[in-house]
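The structure displayed is predicted, hence computed values, not measured ones. Numbers here simply count residues along the sequence, with the first being 1.
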Amino acid sequence: MAGDDTAEKVRDAKDLSGAADAVGAPALPDGWGGFTLSGAKLERDGTSWIVSATLTRTPQEVDTTTTFYAAAVPLSGRVHEGAPEMLYVIGVVLGGLDVGLKDVPVLGEVAPSTGMKLVQVQLLVTTQPIDADLAKTVNALLAKHSVAAQLPAPEQGETIPSGAHAAALCSVGARQIPALWVDVYSGTSTEMGITSVAGAAVPSTAPAQQGAVCAVDAGAGGSGGWRQLLGPEGKTLRRVGVAYAPGAKGQSQAVRLLFDAAAAFGPVTLEFQDAGLTVPVDGTLPGATLTGFAAVYDSDPRDPAALPKVAGALRTNPVVLAKGGLELDGVVLIRTQAANIGLAASYAKIPGSKPSVFVFGELGLAHGFGPPSFTVNRLMLGGGYNSKVRLPAIDKVNTFPLLAGLTDKKAIGGDPSPLKVLKVLTGGTKPWITPQADSFWVAGGMEFEAFGTVDGSALLLVEFGNDWSVSLFGTVTAEFPQEEGLDPYARLEAEFTVQLQKQGKDTTLTLAAALGEDSYLVVKECSLTGGLALRTWLSGPDKGTTVFTAGGYAPGYKPQADFPVVPRIGYTFNKWGMTARAEAYFALVPRGIMAGGSLSLSQDLGIVDWWCSITVDIWGEWTPFSLRAHAGATVGIAADVNIGFAHIRASAELGIDLQMWWSPDFGGTFTAHLWFISFTGSWGAHPPDERTIDWKQFQTQIQKPLQIPMRQGLIPGGTEGTYTPIPDPTRPGESEQGDGQTWTASTRGFTFSTESHTPAATVTVNTAAHATGPRVNVRPMGSKKGKGLDAEHKVTISHVDGTTLTPLTAQELGQWVFKPVSSNLPFALWGDPAEPVPPAGENTAGLLTGMLTGIDATVPEPVKLPAQPLSAAVTDLETEKLEDGALPVSSKDTPIGTVPTADPGTRGIIHGEIAGGGVTARRALLAAALATATGRPPADDTLTRYAATACDQLTDPPLLLAPTP
């Protein structure tokens with residue numbers, strides 16, 4: 001709203017922030033508020049007015065040509081509280097600039113004839129959107145009062161939004177380029193040091209092409225519209241844009257004028273990326289920048305297929321440079337008749353961080369190697385130090401440049417020029433390879449042809465460091481038949497992923513495959529889609545969780561961020577004006593199971609359209625058990641009729657929709673509609689979310705309530721045996737639930753846990769509270785009976801003496817260590833009955849996290865007693881008195897059985913005959929027989945030495961038994 005007080009407040013403002021506050025402008029960007037105003041002058045023109053002043057900035061003096069203006073003009077046809085509504089514009093003009101294209105490294109030498117100069121940079125604040133007509137009104141007011149400034153005028157059909165903007169005025173020779181402007185608060189690439197980028201076109205000698213705009217390009221790390229330069233300058237300068245850089249810590253914000261240019265010298269073309277001029281907001285001297293530079297040699301530029309071709313590029317990261325570091329990326333691409341070679345590398349050093357390096361190369365052969373049944377056509381190899389690779393999504397493996405190739409159009413996103421290759425690998429908002437301390441990777445792979453019918457590629461990528469992963473990515477393509485002159489009736493493209501990954505606390509195994517977007521059957525108009533994936537958590541909070549999906553998830557289901565996502569299994573036919581689509585899916589998730597599908601047909605017959613569809617979705621939940629199903633069918637027809645100048649479209653549709661559930665009571669609803677008439681009905685039980693049950697019914701839905709596992713100190717292979725539960729005297733009529741075995745624990749201490757599938761508000765150990773949580777809800781019991789309940793998890797630790805239990809005292813438990821145990825539990829069982837059911841897949845797939853469910857108990861470590869010296873009397877050590885004992889046989893005992901007798905002549909017989917010829921011969925025959933029977937000859941000594949000493953060794957005659965009759 002217009003008013004003298006607003007103009008006075010702007011005139012009396014001490015700085016730029018005060019002037020912005022006076023007109024109610026949005027908050028200024030950081031660094032803009034330091035300008036101070038002096039010599040302000042207010043001039044009026046009816047309801048319009050203008051304030052101009054000079055600016056200074058501490059600690060640096062702004063250029064003497066820098067001026068300030070604030071203008072107010074009424075908005076046509078807009079009145080507020082009886083007064084015209086006003087547009088307020090504030091501008092800070094950084095003039096006196098003497099920089100241009102000639103100051104840009106390299107580019108200024110190869111393109112001096114363009115004469116591109118930066119005339120003026122302006123910081124702009126506006127309270128209302130400004131179109132081309134409104135900009136003319138403001139500029140007329142500025143010119144009338146001789147203010148050396150011009151509001152950047154948008155092109156017809158464009159609008160400068162309200163807020164803070166950076167603008168630039170440029171000229172080419174004697175011609176003025178339409179103003180370039182950019183919204184400081186827009187854009188998504190602040191990580192690249194540029195908030196936003198926009199552009200405008202150079203006036204052209206061909207009026208029909210004026211204002212032509214090229215496709216949006218996030219060049220220079222910014223986002224916004226680059227516009228193609230028209231006219232003769234476009235042969236070297238292809239695009240021009242303006243960007244705003246917020247500035248790193250300790251550095252000034254700046255406005256950047258950006259050039260995207262190329263110059264040809266015979267077979268050599270030079271390309272320049274993000275070449276530009278930088279004007280700091282604090283008034284320091286402007287500078288020039290060049291982010292990327294490429295050189296391309298083409299043996300015949302007129303023939304795209306001509307070889308050889310050699311291309312190379314170097315690129316720097318402006319954000320890293322702004323932080324005082326260096327990042328230099330490079331690529332070399334060589335194409336010859338015999339081979340294609342690609343090599344990409346990067347070096348980065350950011351202050352306070354470790355150096356980062358990666359190298360990746362590929363070699364493609366015109367004639368591969370290997371046996372006829374398996375030919376290798378391309379090899380890939382690379383690695384990174386303090387570097388990380390972004391892993392591709394399951395259905396985007398064919399766009400992974402390390403697998404698809406550095407010159408693959410699908411992976412690079414268009415014509416694979418060297419600068420674009422670098423931009424995809426290391427630039428933009430989602431680079432594939434980035435510096436990251438303490439992260440390392442190696443990769444190797446191949447592209448092959450198998451059995452003359454299958455083309456494929458595979459890449460093994462291993463990342464290690466704080467986290468690690470082992471990934472195998474691949475693609476397979478096959479066409480049938482492959483006869484010359486016949487179009488293939490089937491093409492199958494498959495992408496697969498096998499991945500073992502540790503990230504944080506989670507270790508996951510993923511197996512996945514998906515059909516490529518160019519797969520079809522019978523004809524190309526019959527496309528195939530689909531994918532399947534299995535992911536299981538091997539460690540971490542979700543250990544044991546497994547997710548499987550074929551074709552994705554149910555409509556409306558929102559999977560967790562770490563669940564695998566694959567496209568629908570489907571078949572689409574699109575020909576002769578008819579479209580047919582069949583889809584199916586199946587998924588197994590922690591919360592339940594789902595399956596379904598749909599079939600739709602439609603055809604456009606000109607004035608008549610018809611369509612029909614069938615949909616079925618089934619969803620089952622484990623805890624509590626419930627089964628839901630949805631089925632629907634629709635058929636319709638529409639006709640278009642023209643009557644004179646009137647167009648009439650008439651349509652009719654018949655449909656029915658069924659919702660059914662079983663939990664375990666059966667019920668459902670139906671809705672039928674015909675044209676504009678519809679009616680609904682229901683039968684059976686209420687939906688599970690609307691019914692309540694009592695405690696006894698609820699108990700049947702929960703698992704066994706308690707487990708007591710040993711956590712630490714268990715000795716493997718310890719004693720196991722039957723354990724007889726001991727009655728608990730504190731709970732008459734109840735007894736322990738024994739698990740059938742005992743523990744053998746380490747004497748150095750051990751830890752055990754009590755874990756329950758039900759939450760608790762309090763955990764007590766021998767009547768003392770050791771952990772507390774929120775009150776417990778039982779959702780199926782409803783808000784009246786199941787909300788805010790007291791639930792105690794009670795643990796009693798006792799001494800056992802026979803069948804007597806004596807609980808440990810508080811003093812005895814004082815040295816024990818207790819820690820609460822928490823778990824994720826189903827919302828459907830333990831959620832607040834008053835809260836709505838969360839969307840499936842949210843909050844850890846329908847789980848309540850961090851619920852108190854038990855306690856860890858660690859026994860105190862054994863105490864080592866002080867060393868005690870041993871002492872004993874000498875007399876106690878002199879003799880050792882043994883008690884009289886009974887021998888097993890006494891000399892007075894009567895022999896039983898045959899009594900042996902001593903024969904004095906026995907020793908003589910042994911001495912004379914044991915080594916005699918007859919005995920020796922018989923012993924030799926026995927040894928031979930044993931050798932034949934066993935295959936191993938026994939030792940056979942002559943026993944002559946024993947015979948010679950037998951009389952001396954046998955001090956008493958041997959005892960002989962009388963022969964047995």
Quiz item: What closest approach, in Å, do Ala344 and Leu425 show between heavy atoms, and which atom pair accounts for it?
Solution: CB-CD1, 3.7 Å
Quiz item: Minimum heavy-atom separation for Arg568 to Gly551, with atom names?
Solution: NH1-O, 2.8 Å
Enumerate, atom names and distances included, each donor-acceptor pair closer than 3.5 Å involving a side-chain atom of residues 466-473, sequence neighbours excluded.
| residue | atom | partner | partner atom | Å |
| --- | --- | --- | --- | --- |
| Asp467 | OD1 | Gly504 | N | 3.1 |
| Ser469 | OG | Glu463 | OE1 | 3.3 |
| Ser471 | OG | Gln499 | NE2 | 3.1 |

Self-check item: Side-chain heavy atoms of Lys349 within contact of Pro355, under 4.5 Å
Solution: yes
Exercise. Check the side chains of Ser756 and His793 for a donor-acceptor pair under 3.5 angstrom, ignoring hydrogens and angles.
Key: no
Quiz item: Does any non-hydrogen side-chain atom of Leu588 lie less than 4.5 Å from one of Thr546?
Solution: no
Quiz item: Is Val476 close to Val454 at the side-chain level, that is, under 4.5 Å between some pair of heavy atoms?
Solution: yes
Quiz prompt | Any donor-acceptor N/O pair, Asn766 side chain to Ile797 backbone, under 3.5 Å | solution = yes
Self-check item: Euclidean distance, Lys787 NZ relative to Leu789 CG, rounded to 0.5 Å
Solution: 10.0 Å
Quiz prompt | Shortest non-hydrogen contact between Gly850 and Asn824, atoms and distance | solution = N-OD1, 3.4 Å
Quiz item: Does Leu538 have any side-chain contact (heavy atoms from CB on, under 4.5 Å) partners at least two apart in sequence or in another chain, and if so, which?
Solution: Leu500, Thr507, Leu509, Thr536
Quiz item: How long is the span from the NZ atom in Lys388 to the OG atom in Ser356, to the nearest 0.5 Å?
Solution: 12.5 Å
Exercise. Tell me, yes or no, whether the heavy-atom count around Glu792 atom CD, taken from other residues, nucleotides or ligands under 6.0 Å, exceeds 12.
Key: yes
Quiz item: Stepwise, does the side-chain hydrogen bond (donor to acceptor under 3.5 Å, both in side chains) test hold for Thr615 with Ser598?
Solution: CA-CA 4 Å; Thr615 303; Ser598 64; 5.1 Å; no
Hey, can you pull the donor-acceptor pairs under 3.5 Å for the side chains in residues 393-413, sequence neighbours left out?
| residue | atom | partner | partner atom | Å |
| --- | --- | --- | --- | --- |
| Thr399 | OG1 | Lys396 | O | 2.7 |
| Asp408 | OD2 | Lys410 | N | 3.1 |
| Asp408 | OD2 | Ala411 | N | 2.9 |

Quiz item: By side-chain contact (heavy atoms from CB on, under 4.5 Å), which residues pair with Ala857, not counting sequence neighbours?
Solution: Phe752, Trp816, Phe818
Exercise. Go through Ser519 and Glu493 one step at a time and tell me if the side-chain contact (heavy atoms from CB on, under 4.5 Å) criterion holds.
Key: CA-CA 5 Å; Ser519 298; Glu493 291 184 358; 3.6 Å; yes
Quiz item: Any idea which heavy atoms bring Gly516 and Glu495 closest together, and the distance?
Solution: CA-OE2, 3.7 Å
Practice problem: Please name all residues satisfying salt bridge (charged side-chain N to carboxylate O under 4.0 Å, His left out) with Arg535, sequence neighbours left out, ordered by chain then number. | Solution: none
Self-check item: Beyond-backbone contact of Thr529 with Leu515, side-chain heavy atoms, under 4.5 angstrom
Solution: no
Quiz item: Does the side chain of Thr426 come within less than 4.5 Å of Asn317's, by heavy atoms?
Solution: no
Quiz item: Considering the options Tyr557, Trp661, Tyr585, which one meets the ring pair (Phe, Tyr, Trp, His ring centres under 6.0 Å) requirement together with Trp619?
Solution: Tyr557
Quiz item: From Leu381 CG over to Leu459 CG, what is the distance, rounded to the nearest 0.5 angstrom?
Solution: 9.5 Å
Quiz item: Hey, does Ile350 have a side-chain heavy atom less than 4.5 Å from the side chain of Glu327?
Solution: no
Quiz item: How long is the gap from OG1 on Thr758 to CG on Leu825, to the nearest 0.5 Å?
Solution: 8.0 Å
Quiz prompt | Derivation of the side-chain contact (heavy atoms from CB on, under 4.5 Å) call for Gln501 and Leu391 | solution = CA-CA 11 Å; Gln501 182 179 31; Leu391 302 179; 3.8 Å; yes
Quiz item: In Å, rounded to the nearest 0.5 Å, how long is the span from CD of Glu621 to CZ of Arg628?
Solution: 6.5 Å
Quiz item: Between Arg491 and Thr477, is any pair of side-chain heavy atoms under 4.5 Å apart?
Solution: yes
Self-check item: Min side-chain heavy-atom separation Asp506-Trp537 under 4.5 Å
Solution: yes
Quiz item: What are the two closest heavy atoms between Tyr553 and Phe563, and how far apart are they?
Solution: OH-CB, 3.6 Å
Practice problem: Rounded to the nearest 0.5 Å, what's the gap from CG on Asp562 to CD on Gln560? Could you check? | Solution: 5.0 Å
Quiz item: When you look at Asn377 and Glu449, which way does the side-chain contact (heavy atoms from CB on, under 4.5 Å) test go after all the steps?
Solution: CA-CA 7 Å; Asn377 298 320; Glu449 180 182 348; 4.1 Å; yes
Quiz prompt | Atom of Val357, atom of Tyr347 and distance for their closest heavy-atom approach | solution = CG2-CD1, 3.7 Å
Quiz item: Under the side-chain contact (heavy atoms from CB on, under 4.5 Å) criterion, do Val566 and Leu532 qualify, and how do the steps go?
Solution: CA-CA 6 Å; Val566 297; Leu532 55 88; 5.7 Å; no
Quiz prompt | Whether Thr754 side chain and Ile855 backbone form a donor-acceptor pair below 3.5 Å | solution = yes
Practice problem: Please answer whether the main-chain N or O of Asp438 pairs with a side-chain N or O of Asn386 as donor and acceptor at a distance below 3.5 Å. | Solution: yes
Taking only distance into account, with no hydrogens and no angle test, what donor-acceptor pairs under 3.5 Å do side-chain atoms of residues 439-447 form with protein atoms, sequence neighbours excluded?
| residue | atom | partner | partner atom | Å |
| --- | --- | --- | --- | --- |
| Ser439 | OG | Ser387 | O | 3.3 |
| Trp441 | NE1 | Ser387 | OG | 3.0 |
| Glu447 | OE1 | Arg378 | NE | 3.1 |
| Glu447 | OE1 | Arg378 | NH2 | 3.0 |

